[in-house]
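Counting convention: from 1, in listed order, for ligands and their atoms alike.
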Amino acid sequence: MKKLMAANWKMYKTREDAESTANGLRSLVEKNLPSDREVLVFPPFTAIDRVAAAFDGANGFATGGQDFYLHEEGAYTGEISPSMLKDAGATWGLTGHSERRHVLGEKDELVGEKTAYGLSQGMNICLCIGEKIEERKAGRVEAVIDTQLELGLKDVPRDIAPERLAVAYEPVWAIGTGEVAGPEEIVEAHTMTRKKLEDVFGEKAKEIRILYGGSVKPDNVSGIIGLDNVDGVLVGGASLTSDSFAKIVLG
Ligand code: 13P
């Protein structure tokens with residue numbers, strides 16, 4: 001199973017900056033990318049085509065959309081569809097990111113609908129899950145993971161090709177705080193995630209990648225990527241410059 005090294009650029013970057021970061025990343029990484037690693041970048045919508053063009057023809061590089069809606073077209077002001085993302089060059093979609101859940105109010109049910117819909121439209125999907133600090137303090141990590149996966153995967157066909165789905169465990173308290181989760185916390189949450197995926201998908205759950213996200217940096221990635229059940233990372237702040245993200249991808 002290839003490790004998926006993913007960047008979420010959130011609401012950062014003009015098209016020009018995105019293109020130059022993507023070109024920089026390609027030139028730093030392409031020749032040295034181990035055969036068991038893949039690079040995936042989620043730019044803002046406006047820069048997807050530039051990033052996809054910068055990655056064109058590079059083995060193991062992909063581009064994704066940070067969100068999408070539940071229809072291919074229609075009167076949904078402000079929304080974007082999987083086919084529009086694909087038209088711009090994206091092959092992956094992100095669902096359930098903590099900022100969409102907790103800043104924009106997306107509920108587990110909508111996250112589940114988007115996950116199933118994106119897959120049905122031919123996108124690969126990375127579903128994000130993770131507990132808030134008060135949920136961790138209340139001993140509810142497993143309950144949160146179980147519920148978010150249960151509802152997030154509710155309508156996903158059980159025969160889905162496992163490489164088309166990834167789950168990113170991103171504890172909310174570790175996102176953008178510099179407070180990376182410890183190795184035991186990561187292994188515990190990823191083991192819970194794997195167990196739940198096995199309940200849902202059976203044997204093939206072993207081939208669904210589980211990424212860790214939350215304050216991943218060049219100097220902590222090697223300690224994270226080797227942990228049990230960690231099949232990649234999803235990086236915010238430290239993915240915004242090509243130097244820093246290249247170190248993470250190769251780290
Ligand atoms: P940071 O790497 O900035 O903590 O963000 C993580 C994240 O939210 C990636 O989706």
Quick one about H97 and E170 (side-chain donor to acceptor, distance below 3.5 Å, no hydrogens or angles considered), yes or no?
yes

If the condition is side-chain hydrogen bond (donor to acceptor under 3.5 Å, both in side chains), which residues does R26 pass it with, not counting sequence neighbours?
E30

Lining ligand 1 at under 4.0 Å, by non-hydrogen atom distance, are residues N8, K10, H97, E170, A174, I175, G176, G214, S215, L234, V235, G236, G237

Side-chain donor-acceptor pairs under 3.5 Å in residues 194-201, sequence neighbours left out?
from	atom 1	to	atom 2	distance (Å)
R194	NE	N229	OD1	2.9
R194	NH1	A205	O	2.9
R194	NH1	I208	O	2.6
R194	NH2	N229	OD1	3.2
R194	NH2	D231	OD2	2.8
K195	NZ	E142	OE2	3.4
K196	NZ	E150	OE1	2.5

Any residue meeting side-chain hydrogen bond (donor to acceptor under 3.5 Å, both in side chains) with R101, in chain and number order, not counting sequence neighbours
D108

Ion pair check, K3 and D36, cut-off under 4.0 Å
no

Any side-chain donor paired with an acceptor under 3.5 Å for Y117 and E72?
yes

